[in-house]
Structures are given as structure tokens and as C-alpha cells.
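To start, the structure under review is shown below, and the notes come after it.
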Amino acid sequence: MAASTRTCPVHRLAIVGGGFGGSVLALKLAERDGQRPVLIEAARCAGAGLAYGAGGPDHLLNVPVHRMEVGLEPAFADWLADYPSEIAAGVAEAGDLAHAFVPRRLFGLYIQSHIDGAVAKGRILRIRGEVTQLQKDGATYVLGLVDGRQLNVARVVLATGNMAPKAPDLLSEDQKHLTDSPLFIPDPWASDALTAHEPDWPILLIGTGLTMVDIALSLSRQGHTGPIFALSRRGLLPLPHVSGGTWPAFLDIHIGQSPLKLLRRIRQEAKSALAKGVPWQRVLDAARPHAAQIWAAWTRAERSHFLRHARPYWDVHRHRVAPRVGRALEDLIEGRQVIPLSGRLKSFAPRGDHLDVAYSVRNRREIRHIKVARVINCTGPRSDYATLGTPLFAALRQQGFIHADPLGLGLETHDARVVDAHGHVSDSLFAIGSLTRPAWWEVTAVPELSAQISRLVEVLTRAEVLPSAVRPLSLALDFFDLGAGI
């Protein structure tokens with residue numbers, strides 16, 4: 001493969017993935033003199049990705065408008081002036097645009113418009129395709145696309161974003177084959193995921209997080225009237241944003257303590273805040289800026305303990321929904337259209353055009369059965385890159401270019417540089433976004449990603465990328481002043 005590309009031009013940098021992270025990185029690099037990044041994305045349009053490209057008008061940003069600014073001109077708030085009817089409800093609810101929660105597809109269109117403009121001006125080279133191979137030819141990478149095209153590039157940034165969900169681990173091994181049933185929907189964001197069923201049929205959503213909320217709202221908007229069961233081990237539901245109040249930082253002196261002690265401290269602060277009339281949400285906002293540093297200080301055992309026992313509770317308090325979304329979910333639950341269940345999925349068996357689903361009730365020795373027409377996988381994006389079979393990551397893994405972290409969160413990185421299978425830190429292969437969660441834990445929201453991208457732009461535009469320039473803790477500090485509402 002590599003030998004046939006030696007006479008091809010060598011591009012300075014290619015970004016694999018044109019969702020939010022890859023697109024903003026390309027735009028930031030395009031602002032620098034002499035930079036013309038290659039942006040590779042299979043979708044027809046770049047910029048939105050799955051996060052901001054899927055969904056309808058009732059799928060709102062989980063962050064207010066003023067926290068979505070990423071340093072582009074025009075600013076997001078100014079750009080929204082052309083969509084008065086679509087932002088009206090959010091502005092009416094919040095009192096102003098800055099604090100409004102608007103449809104997230106608008107943010108996708110906003111980034112897409114910047115990409116389209118930069119491509120038209122020749123500042124970004126946009127390639128539509130899927131990268132399936134990445135090999136090294138001396139100091140150059142050779143990228144192979146699924147259609148047979150090849151590109152030579154000096155440096156590569158992996159910005160592939162979130163993967164499609166993994167089949168639920170709740171099923172026993174002898175039940176895994178049932179996920180091949182046409183009544184099981186593995187990816188809730190697939191174009192046909194919510195079609196081909198009658199509106200009064202019962203549906204089971206596996207997972208009770210943000211994806212479940214999105215799918216439940218979509219089904220309701222489409223006129224679905226049947227019951228929507230939502231099953232997870234604990235049955236925890238996302239909580240809404242609440243405005244008002246402030247709370248001072250309190251965790252800095254506690255960095256290095258165990259997950260249990262830190263969570264106890266957060267609960268104590270939340271109780272104190274509520275006693276003073278301050279929403280507990282401000283306590284989480286005050287704790288959030290230290291998350292990267294706290295995570296970095298924990299041992300692998302402490303991280304594993306947090307993920308196993310505390311992560312679901314952190315997620316529902318940290319990753320909150322817009323107030324209107326919270327009220328809409330409450331209405332669906334009160335009307336018994338959405339029925340949350342807490343337990344473990346045991347099996348599902350075909351019964352004609354329906355499935356008989358068995359689950360064990362949490363904290364009880366009891367198995368219950370429900371009859372549903374569809375099972376939709378809402379367990380969230382896959383992140384176990386040690387076994388992920390997509391062509392690109394299988395190739396990277398086979399060649400030893402990447403090392404999946406043992407906790408299944410993503411790839412091992414050092415200041416956005418990819419760490420290979422032998423523990424070496426690359427000076428030419430980088431990653432951003434959810435791929436880097438093993439190092440930073442939370443690096444998926446716009447404020448965090450924007451900070452990471454700005455840091456990486458500085459690294460990529462230096463004359464050289466030297467290992468001595470790595471300052472991992474300083475990057476964590478870049479994440480700290482993110483403010484409320486994230």
C-alpha cells in the first residue's frame with residue numbers, strides 16, 4: 001500500500017472525523033498562516049456529527065447558548081438571530097438568549113456553515129470518505145480510504161467522536177445471539193431505528209440516560225401512544241438544569257483523596273447549599289472544574305471503583321438536561337407513557353411479532369416479564385477500543401499504533417498524543433475528544449473540547465512537536481475555569 005504513494009503530495013496534517021471536535025480543530029488550524037488541514041468525514045456534511053446532527057426540534061442542547069461559544073465569528077449567539085422562531089421558546093424560558101437552551105441541530109448547522117465557508121475559500125481540504133487503514137511509510141502516514149483512495153500525511157489527528165452503542169452486557173452469553181433479531185435495534189440513531197412499528201405497540205429502551213430521553217421524546221413527537229419501558233440497573237434518570245445561586249470552589253484541597261471521601265464531601269456541600277437556598281446544581285458546577293485533576297490523581301483501582309459504584313450517580317447529576325426537556329420527561333412519566341424500571345436484563349425470546357423480555361428486579365429475588373414489539377439499545381456510545389472491530393481501529397490496534405486503556409474508556413494518550421502498544425508517546429499521531437477519556441475522564445462537552453482543541457492547535461503549529469513540550473497537568477488546568485451550566 002505504502003509503496004504506490006511515494007510520489008503523491010504529502011499533506012501537513014489530516015483530521016479523521018468531521019464532527020464537532022474535528023471540525024473546530026480544522027477551523028482553528030485554518031486560521032493560522034500556512035495551515036491547510038485535510039478534514040476527512042464520511043457524512044455528506046461536516047460539522048454536526050452525531051451529537052448535533054441527529055434529533056428533532058425537541059432535542060435541545062444540554063448547555064446554554066453562552067457556554068457553546070468556541071471563538072468563531074460570527075459568534076453562535078449572533079448567528080442564531082436568523083432563527084427567531086426556533087429559539088423563541090428557549091429565550092422565553094430563560095429570559096435571554098445567553099442562558100437559553102436551543103435545539104441542538106442549530107449548533108450543528110452553525111459549525112457546518114463555518115466548515116462550508118472555509119472549504120469554499122480553500123482554507124480546508126474536505127475529503128468525503130471513511131479511513132479504514134493507517135500505515136507508516138518512513139516519517140509519513142499513508143491513509144487508505146474505503147473506496148481505495150490514499151493520502152500521504154505528516155501528522156494525523158483522530159477525532160472520530162462517539163462510536164455506536166455496544167450490544168448490552170446485561171445479556172448472558174447464551175442470549176447474545178438474540179441481538180441479531182430484527183426486533184432489536186442496536187443503534188437508536190440509525191435512520192430506520194424508530195420506524196416500522198405500530199404507534200400503540202409497547203417498546204423497551206435499554207438504558208435510562210440521555211439517549212433514552214432523546215428517543216422517548218422522539219417517539220412521543222411521532223405520535224407513539226403505547227407504553228415505553230426504560231430499563232437500567234439502577235433506574236436513575238437525568239436531572240434538569242436549575243438556574244440561580246452560586247457556590248464557591250471546595251475540592252481543591254481534597255485532590256488525592258479516595259472517590260468515597262470526595263463523594264461524601266460533595267454530598268455534604270450539597271446539603272449545606274440546599275439549607276441556604278442554593279440549588280445543588282451549583283455544588284456540582286463548583287466541583288466540576290477539578291474533575292480532570294482529581295481523576296489524574298486516582299490510582300487505576302480507585303478509578304475502577306468510581307466507575308463501578310459511583311459513575312451512574314455522577315452522570316445523572318453532572319450531565320443534566322434542559323429544563324423543558326426535564327418537564328417533558330416528567331409529563332411522560334406521570335402519564336404512564338414512559339415507565340422507568342430498575343433491574344438487570346436477563347433474556348428476550350421471540351414470540352411472533354413481539355419479544356418476551358425477562359428482567360430481574362433490583363434488590364429483589366424476582367424475575368418479571370414484559371411483552372414488547374421492539375427493544376432499542378440506548379446504553380450510550382461504545383468506548384472499549386480493545387475489541388472494537390471497525391476497520392480503522394482494528395488496523396491501528398493490529399499495528400500497535402494505539403493502546404486501549406484497561407477500563408474500557410478509550411485510548412491511552414499523553415497531552416493528546418497517542419500512546420502506542422509499547423508505551424511510547426507519538427509525536428505525529430494525536431487524538432481528541434471522547435477517545436482521550438482515560439487521561440481526562442470528561443472531555444466530551446463543548447467547553448472542555450474547546451479547551452483541549454485550543455491547546456492542541458498550539459502544539460500542532462509549533463515548528464516541532466517535542467516530547468519535552470508535554471505538560472499534561474497544564475492541560476488539565478485549561479479545563480478548570482469552565483463556569484456554571486456545563
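Everything numeric in this text was worked out from a predicted model, so none of it was measured.
- Separation of atoms CG (L194) and CD1 (I215) is listed at 5.0 Å; rounding is to 0.5 Å.
- Across every non-hydrogen atom of I376 and P188, the tightest pair is CG2-CB, 3.8 Å.
- Rounded to the nearest 0.5 Å, atoms CZ (R368) and CG (L231) are 11.5 Å apart.
- Side-chain contact check for H59 and S218: at least one donor-acceptor pair (N or O, by modelled atom type) lies under 3.5 Å.
- The heavy-atom pair separating G19 from E41 by the smallest distance is N-OE1, 4.0 Å.
- With a 4.5 Å cut-off on side-chain heavy atoms, P165 and D187 count as touching.
- Under the 4.5 Å side-chain criterion, counting only non-hydrogen atoms from C-beta, W314 is in contact with L284.
- In this structure, the side chain of R303 engages the main chain of P438 through a donor-acceptor pair within 3.5 Å.
- Of the possible donor and acceptor atoms, one in the side chain of E93 sits under 3.5 Å from a partner among the backbone N and O of R324.
- Using a 4.5 Å heavy-atom cutoff, the side chains of V102 and F107 are not in contact.
- Residues satisfying the side-chain contact (heavy atoms from CB on, under 4.5 Å) test with A249, not counting sequence neighbours, are H290.
- By the 4.0 Å N-to-carboxylate-O rule, D214 lies close enough to R104 to be salt-bridged with it.
- S113 contributes a side-chain N or O that, together with a main-chain N or O of Y110, makes up a donor-acceptor pair within less than 3.5 Å.
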Practice task
Given side chain to side chain contact (heavy atoms under 4.5 Å, CB included), test H99 with S243 step by step and report yes or no.
Solution key: CA-CA 9 Å; H99 296 89; S243 61; over 6 Å; no
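- Between the side chain of D405 and the main chain of E412, no donor-acceptor pair closer than 3.5 Å is present.
- For the atom pair CG (L329) and CG (L217), the distance works out to 7.0 Å, reported to the nearest 0.5 Å.
- Judged by distance alone, the side chain of T208 and the main-chain N or O of L236 form a donor-acceptor pair under 3.5 Å.
- Residues I206 and L345 meet the side-chain proximity criterion, which asks for heavy atoms closer than 4.5 Å.
- A distance-only check finds a donor-acceptor pair linking the side chain of E69 to the backbone of A77 [under 3.5 Å].
- With R282 contributing its side chain and G244 its backbone, the two residues share a donor-acceptor pair below 3.5 Å.
- In this structure, the side chains of H317 and L239 come closer than 4.5 Å at one or more pairs of heavy atoms.
- In summary, of the residues considered (I203, V357, D356), a side chain to side chain contact (heavy atoms under 4.5 Å, CB included) with V372 occurs for V357 alone.
- Few gaps surround CZ on R308; more than 12 heavy atoms of other groups in view lie less than 6.0 Å from it.
- A distance-only check finds a donor-acceptor pair linking the side chain of R397 to the backbone of Y385 [under 3.5 Å].
- With rounding to the nearest 0.5 Å, the separation of CH2 in W201 from CG in L219 is 13.5 Å.
- G408 approaches S383 most closely through the heavy-atom pair O-OG, 2.6 Å.
- Within the model, atoms NZ of K28 and CG of L72 stand 5.5 Å from one another, a figure rounded to the nearest 0.5 Å.
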Practice task
Would you check, one step at a time, whether the test side chain to side chain contact (heavy atoms under 4.5 Å, CB included) holds for L205 with V338?
Solution key: CA-CA 10 Å; L205 309 182; V338 170; over 6 Å; no
Exercise for the section: Go through V418 and L396 one step at a time and tell me if the side chain to side chain contact (heavy atoms under 4.5 Å, CB included) criterion holds. Expected result: CA-CA 11 Å; V418 172; L396 290 171; over 6 Å; no
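- Atom CG in L332 sits 13.5 Å away from atom CZ in R327 (nearest 0.5 Å).
- A 4.5 Å side-chain heavy-atom check between Q281 and H241 finds every atom pair outside the cut-off.
- A donor-acceptor pair under 3.5 Å is absent between the side-chain atoms of T211 and the main chain of C378, judged by distance alone.
- When side chains are defined from C-beta on, P74 counts as touching H114, because their heavy atoms get closer than 4.5 Å.
- Side chain of Q222 to backbone of H224: no donor-acceptor contact under 3.5 angstrom is found.
- A 4.5 Å side-chain heavy-atom check between L355 and P350 finds at least one atom pair inside the cut-off.
- Judged by the 6.0 Å and 45° rule, R437 forms a cation-pi pair with W441.
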